[in-house]
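Worksheet for the structure shown next.
So you know, we letter chains A, B, ... as the sequences are listed, proteins then strands, and number each from 1. Excluded from the calculations below are hydrogen atoms, water molecules and symmetry mates; all remaining heavy atoms, backbone and side chain alike, are included. Because the structure is a prediction, the values reported are computed rather than measured.
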Amino acid sequence: MITITLKDGSIKTYEPGITVLEVANDISTGLAKNTLAGELNGKLVDVRQSITEDSTLNLLKFEDEGGKHAFWHTGSHLLAQAIKRLYPQVKLAIGPAIDNGFYYDIDIDVIITPEIMEKIEKEMGKIVKEGLALNRYELSRDEALAKVNKEGEIYKAELIENLPEDAIISFYSQGEFSDLCAGPHIQNLSPIKAIKLLSLAGAYWHGDEKNKMLQRIYGITFPKKSQLEEYLTLLEEAKKRDHRKLGKELDLFSLHEEGPGFPFFHPKGVIVRNELENFWRQEHQRRGYQEIKTPTILNSDLWKRSGHWDHYKENMYFTEIDESEYAIKPMNCPGGMLVYKTKGHSYRDLPLKMGELGLVHRHELHGALHGLMRVRAFTQDDAHIFMTPDQIEEEVIKVIDLADDIYKIFGFSYKVELSTKPENSIGSDEVWETATEALRKALEKKGIDYRINPGDGAFYGPKIDFHLEDSLGRTWQCGTIQLDFQMPELFDLNYIGPDGEKHRPVIIHRTIFGSIERFFGIIIEHFAGKFPVWLAPVQVMIIPVADAHHDFAKDIAAELSAIGIRTSVDTRDEKLGYRIRDAQMQKTPYMLVVGDKEAAGGDLALRVRDSGDVSLISLEDLKKKLTEKIITKSLTLD
RNA sequence: GCUGAUGUGGCUCAAUUGGCAGAGCAGCUGAUUUGUAAUCAGCAGGUUAACGGUUCAAGUCCGUUCAUCAGCUCCA
């Protein structure tokens with residue numbers, strides 16, 4: 001007999017070889033029905049998996065990540081089955097579950113149109129009605145290859161050939177359809193009650209642009225119709241938050257054909273940017289950073305020396321001055337190196353922290369451009385920390401803390417990644433190993449969960465990245481901490497140690513916002529345009545009831561402006577309701593309606609953006625309230 | 001860069017099978033003087049992304065380029 005420890009801590013004994021599903025069934029038939037996959041000793045497994053030794057088992061439902069995963073993976077098989085029924089000539093590539101649904105990459109001689117997608121969706125519905133059960137079976141490598149070759153599934157054949165020697169090769173079948181798949185899958189197609197094919201895109205086989213472009217169909221399925229409706233509503237909501245749309249509506253920035261990827265910031269957008277930058281400066285000064293500015297255009301020799309010429313050239317813009325070649329900076333570091341070298345340094349100066357809000361230009365592929373999130377010119381909130389090797393861990397931790405402090409102000413959650421040595425890199429493996437280990441140690445010391453992103457480091461060193469999420473659930477890299485042993489060598493940087501000898505410093509390159517532009521885009525979506533008071537371009541809109549109250553309104557505005565509150569008066573000859581609506585749609589945090597009562601010395605009628613509530617408040621109390629909200633960078637208006 | 005889609009006043013969108021480019025909002029002018037999410041009237045605004053082609057006639061069909069969107073690739 002074996003013992004199985006369940007999630008609630010209860011322990012059950014069974015014959016060895018019992019399956020996950022049988023365990024679920026033993027507990028209750030209802031649970032068995034809702035069990036989509038299992039987590040056996042921490043590993044995601046199929047419900048058909050048999051258990052042969054003492055184990056811990058978690059039964060996963062749709063509410064669990066692993067359960068969703070199995071459900072959607074089966075969705076992708078259903079999609080493939082439907083396509084195969086309609087177009088038997090199709091060649092299937094891969095069809096995984098993703099965070100929100102699934103996709104299948106297919107190679108087919110017809111161009112999939114929205115009409116065809118509808119047809120496929122209908123076919124999927126029909127197949128579900130057949131109530132097919134899924135079966136798992138294993139084949140030897142030779143048998144598997146023979147099977148897929150017979151079917152003409154060239155992509156599957158390639159997948160099998162690339163599987164490791166000892167891999168178990170499993171297939172899942174449902175009715176006439178079967179697919180190479182590691183699983184897990186759900187038991188039966190009937191729980192799929194709602195199906196939606198969402199979008200269509202091209203995707204290279206193996207993600208390599210040298211390979212054939214396949215057609216990728218994205219879809220999602222749910223056990224309940226209402227869940228699909230909710231999901232579609234969520235997508236609509238997310239679209240409303242799109243920073244490109246809000247940027248236009250709130251008059252923050254614009255993009256023009258004349259400068260693809262080069263955003264134009266309007267007066268209101270510049271206010272927000274400036275607030276972000278002021279906040280940044282304040283937080284950095286407080287932590288001993290100094291600020292520098294380095295030029296945008298620098299001689300090519302510098303870029304050759306820094307390694308950018310060899311490792312970053314395809315992303316750089318060039319120009320010529322007096323017959324010499326110059327480059328427009330894609331990064332701030334080489335300029336920072338030159339500043340460091342302008343004088344000698346003692347170990348007593350270290351760590352030396354030099355920040356720079358530097359405008360960099362990078363040639364991004366035109367298909368990659370995306371609003372403010374992905375541009376060709378952006379301001380990095382850069383800083384270089386020059387330090388002794390034994391200061392590394394402490395300084396990395398300080399940067400992690402700084403990032404956390406800054407993200408907290410906005411109420412962001414984030415994910416952390418550790419990126420290791422890329423192919424196109426400089427420096428020895430030993431140095432890379434030391435640097436990567438230092439970053440890992442810092443993360444572990446802070447107890448931060450992180451994911452390894454192999455081969456994604458900068459060409460000069462490994463990095464820790466902070467990823468923030470946008471309204472559509474896409475994540476964007478913002479902060480980054482990069483450890484660099486190369487630039488100090490290349491630029492022959494040194495400091496005089498306590499021993500009176502020259503030593504090599506180590507550098508941390510780091511950003512918190514990453515790019516002011518991207519961060520701006522993310523906060524627009526994060527707040528849905530409803531900025532907290534400290535960031536709002538107009539903090540108070542004063543709306544006089546009639547012309548007779550204009551002077552009084554302007555007096556109040558002057559009082560508020562005098563203490564630094566961004567105040568406007570809407571003197572347009574429109575009805576009150578119209579101007580309130582306008583201020584509301586501009587997402588102005590506070591509105592003051594002033595008329596006879598206020599002019600006669602009464603309290604002010606304050607309307608709050610989020611609640612629409614109106615309350616009376618004296619001018620003095622209002623000043624106090626607003627000042628407090630602004631200084632504390634409060635996320636609420638109340 | 002690749003695959004697919006899209007491109008009409010500042011914005012959102014109309015315009016049968018090719019047949020006089022139109023509306024709402026925003027803007028301007030006037031009337032109205034308003035108490036918490038849209039007052040009324042008038043005016044103005046377009047080489048239909050650009051260039052080329054087919055046609056008696058092109059927003060509409062064809063070609064090229066550009067930009068945008070969804071992905072891929074890449075990345076802050």
Quiz item: Using Watson-Crick and G-U wobble pairs whose two distances are both under 3.5 Å, how do you write the pairing of RNA chain B as dot-bracket, with | for links to another strand?
Solution: (((((((..((((.....[..)))).(((((.......))))).....(((((..]....))))))))))))....
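Taking 4.0 angstrom as the limit, R244(A) places a side-chain polar atom (N or O) nearer than this to OP1 or OP2 of C69(B). When the side-chain nitrogen and oxygen atoms of Y218(A) are compared with OP1 and OP2 of G4(B), none of them lie within a distance under 4.0 Å. Using a 4.0 Å cut-off, some side-chain N or O of Q477(A) falls inside it from OP1 or OP2 of A76(B). Taking only side-chain nitrogens and oxygens, H370(A) comes nearer than 4.0 Å to OP1 or OP2 of A70(B). The side chain of K463(A) contributes an N or O atom lying less than 4.0 Å from OP1 or OP2 of A76(B).
For the P atoms, the distance from G22(B) to G71(B) is 38 Å, rounded to whole Å. U64(B) and G27(B) are spaced 42 Å apart, taking the P atom of each and rounding to whole Å. Taking the P atoms as reference points, C11(B) lies 33 Å from U73(B), given to the whole Å.
Ring pair F265(A)/F253(A) is tilted by interplanar angle, where 30° to 60° counts as tilted. Ring planes of F519(A) and F513(A): tilted class, angle from 30 to 60°.
Stacking annotation: F513(A) is not stacked on the base of A76(B) (requires ring centroids less than 5.5 angstrom apart and an interplanar angle below 30 degrees).
Put simply, the side chain of R607(A) and the base of A37(B) share a donor and an acceptor less than 3.5 Å apart. At a cut-off of 3.5 angstrom, the base of G35(B) holds at least one donor-acceptor pair with the side chain of E598(A).
For Y450(A), the side chain to side chain donor-acceptor pair (under 3.5 Å) test picks out E444(A), with sequence neighbours left out. K313(A) is linked by a salt bridge (charged side-chain N to carboxylate O under 4.0 Å, His left out) to nothing, counting only residues two or more places apart in sequence or in another chain.
Just one of K268(A), R281(A), R566(A) meets the salt bridge (charged side-chain N to carboxylate O under 4.0 Å, His left out) condition when paired with E275(A); it is R566(A).
A straight line from CD of E257(A) to C1' of U8(B) spans 14 Å, rounded to a whole angstrom. At whole-Å resolution of the value, CD in E249(A) and P in A26(B) are 14 Å apart. In this structure, R374(A) atom CZ and A67(B) atom C1' are separated by 18 Å, rounded to whole Å. Look at CD1 on I523(A): it is 16 Å from C1' on A76(B), rounded to the nearest Å. Summarising the geometry, the separation between CD on E364(A) and P on C74(B) is reported as 12 Å, rounded to the nearest angstrom. The NZ atom of K245(A) sits 19 Å away from the P atom of G10(B) (whole-angstrom rounding). Rounded to a whole Å, the OH atom of Y578(A) is 7 Å from the C1' atom of A38(B). Whole-Å rounding puts the K239(A) NZ to C69(B) P distance at 14 Å.
Nearest-nucleotide positions on RNA chain B for L592(A) and G457(A) put L592(A) closer to the 5' end. Comparing D456(A) and R572(A) by the nucleotide of RNA chain B whose heavy atom lies nearest to each, the residue mapping closer to the 5' end is R572(A).
A distance-only check finds a donor-acceptor pair linking the side chain of K293(A) to the backbone of L357(A) [under 3.5 Å].
Taking 4.0 Å as the cut-off between side-chain N and carboxylate O, K587(A) and E249(A) do not count as a salt-bridged pair.
In this structure, H308(A) has its ring center under 6.0 Å from that of F459(A).
Nucleic acid contact class of F519(A) (heavy atoms, under 4.0 Å, all strands): none.
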